[in-house]
Amino acid sequence: MTAIEKERVVEWPLVEADGNAPSVPRAADHGTAVVTDFQGDSFLRPEQLPPSSGWRHRIWRLSRGAITPAPSAAEVHYRRLLQRIQARINSCQRIAVASGKGGVGKTTATILCGTALAMHRLDRILAIDANPDAGSLGWRVERETESTLSDLLRHAARIERYSDVRALTSQAPSRLEVLASELDPAISQALGEADFARAIGVLERYYSVILCDLGTGLLDSATQGILRLANELVIVAAPSVDAGRVASFTLDFVECRYPEKVRNAVVLLNNVRKDGLVDVGALETHFRKRVRSVIRVPYDRHLASGGPARWELLGSATRDAYIEAAAALAEGFSGVVR
Ligand SMILES: Nc1ncnc2c1ncn2[C@@H]1O[C@H](COP(=O)(O)OP(=O)(O)OP(=O)(O)O)[C@@H](O)[C@H]1O
Ligand SMILES: [Mg+2]
């Protein structure tokens, strides 16, 4: 490099002395041209994405792209949700899916929130079974391996690369990976706070989002550990008075220790039926006062079977609800809550 070239090199520190990101150097500051002077976007005419379905899509296709009708309000909404799901992640996001009540849909919500994230993001998403009572997470996807969380802990010291962890997980067609727990509660019960902290310490090196499916025992050591480590919380409630009460109690329980986690939580009102006697709107209003987002998930015939939860077999309203849920979760990824 000649002396003149050296003089022209603009030093651009990664972090300023005050800890902030540096401002982009401008030509005027240095008396020389820098690439940032070229604002590429200002040379482009605005272009509209073609509508993806309905008569709008047909017009676009029949006119071979000469006519691009404006997208419907529903499509604009959907595109915005996908944009939110693709939010930038700066550090591993740990999401706890909890409820003090059994059978309300925690495991299903863990799988389907994870699926919605995995389908629309390019980074790695993992769901782990943190239910000390031999949870069922591993059975809600097609299993590729019998390995469990205990195997991860056993081999933790030797895990050096992603393929070492991948050997222990099962991957669904959505790209969501699942790490199951032991079927024998005598083994899964023995895993406590320290074990989960160790497991997550290993896993967060390879995954951007880790969803943890909890058991109903809020005082379990594993649950306590996950609640402490979680940066986001999903509370699942069924639309019934008793399940609503337990969900509310779960929020009270977490709020005593982590009030900010409750303010930032997402509540899923799961299994909502049109013919139910409960005023779901009133339940929603109750939870909206306490948490960031409340989403209704309808009763779904495919889910009611209790087999592996397959996205393409869900009703469209259930898919929409889980896209909404994933977008709500992703809104918390930056730590900035709107
Ligand atoms: N929206 C829904 N519509 C119909 N069935 C559902 C829905 N969500 C979940 N289910 C079904 O309800 C049952 C209980 O769900 P799930 O196992 O997810 O609950 P859980 O809270 O994890 O239970 P546990 O406390 O035993 O861990 C399952 O058979 C599941 O497939
Ligand atoms: Mg469960």
Side-chain angles (χ1 to χ4, degrees), residues 95-116 127-143 148-149 170 172 176 178-185 188-189 191 196 210-220 222-223 226-227 233-240 242-251 253-254 265-276 278 280 283-284 294-326:
I95 302 172
V97 183
S99 171
K101 186 152 175 63
V104 287
K106 297 179 290 297
T107 303
T108 312
T110 307
I111 296 268
L112 293 176
C113 287
T115 301
I128 65 172
D129 198 335
N131 185 344
D133 291 314
S136 58
L137 186 86
W139 305 111
R140 305 301 300 279
V141 293
E142 310 287 348
R143 286 287 278 275
T148 64
L149 202 74
S170 297
L176 173 72
V178 168
L179 182 56
S181 67
E182 296 289 340
L183 256 191
D184 182 353
S188 52
Q189 285 271 354
L191 299 181
F196 278 96
I210 302 176
L211 298 112
C212 306
D213 175 24
L214 297 179
T216 49
L218 297 173
L219 291 171
D220 289 337
T223 305
I226 301 282
L227 289 176
L233 187 63
V234 176
I235 301 290
V236 186
S240 65
D242 59 341
R245 187 173 288 128
V246 176
S248 209
F249 169 75
T250 309
L251 288 172
F253 178 86
V254 182
V266 174
V267 166
L268 294 187
L269 285 175
N270 186 38
N271 227 332
V272 174
R273 285 170 177 269
K274 286 198 181 92
D275 56 358
V278 173
V280 182
L283 262 183
E284 210 173 80
V294 182
I295 292 155
R296 293 186 195 193
V297 181
Y299 165 83
D300 188 285
R301 201 164 150 260
H302 166 62
L303 293 178
S305 72
R310 290 183 46 197
W311 186 262
E312 32 334 327
L313 296 179
L314 297 176
S316 64
T318 313
R319 286 203 295 258
D320 288 350
Y322 275 108
I323 293 284
E324 293 267 359

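Scope of the values below: all heavy atoms of this structure, side chains included, with no hydrogens, waters or symmetry mates. Numbers here are sequence positions counted from 1. First listed ligand is number 1; within each ligand, the first listed atom is number 1. Only a predicted model underlies this, so the values are computations on that prediction, with no experimental measurement involved.
Residue T107 places at least one N or O, backbone or side chain, under 3.5 Å from an N or O of ligand 1.
Contact annotation: for R140 versus ligand 1, heavy atoms closer than 4.0 Å belong to the side chain alone. Residue-level proximity to ligand 1 for T318 is absent, since no heavy atom of it falls below 4.0 angstrom. Residue P298 touches ligand 1 through its backbone alone, judged by heavy-atom distances below 4.0 Å.
Summarising the contacts of atom 7 (C) of ligand 1 with V272, D300, L112, N270, the nearest heavy atom is found in N270. Between the choices A98, G103, S99, the shortest heavy-atom distance to atom 14 (C) of ligand 1 belongs to G103. Distances from atom 21 (O) of ligand 1 to the heavy atoms of H302, K101, K106 show the closest one on K106.
Proximity to A304 (heavy-atom distance under 4.0 Å) selects the following atoms of ligand 1: 4 (C), 5 (N).
Surrounding CZ of R143 are more than 12 heavy atoms belonging to other residues, nucleotides or ligands, all under 6.0 Å away.
Taking backbone and side-chain atoms together, S136 has no N/O/S atom less than 2.8 Å away from the Mg ion (ligand 2).
Taking each heavy atom of A222 and A130 in turn, the nearest pair found is CB-O, 4.2 Å.
Between the side chain of K101 and the backbone N or O of V236 there is no donor-acceptor pair closer than 3.5 Å.
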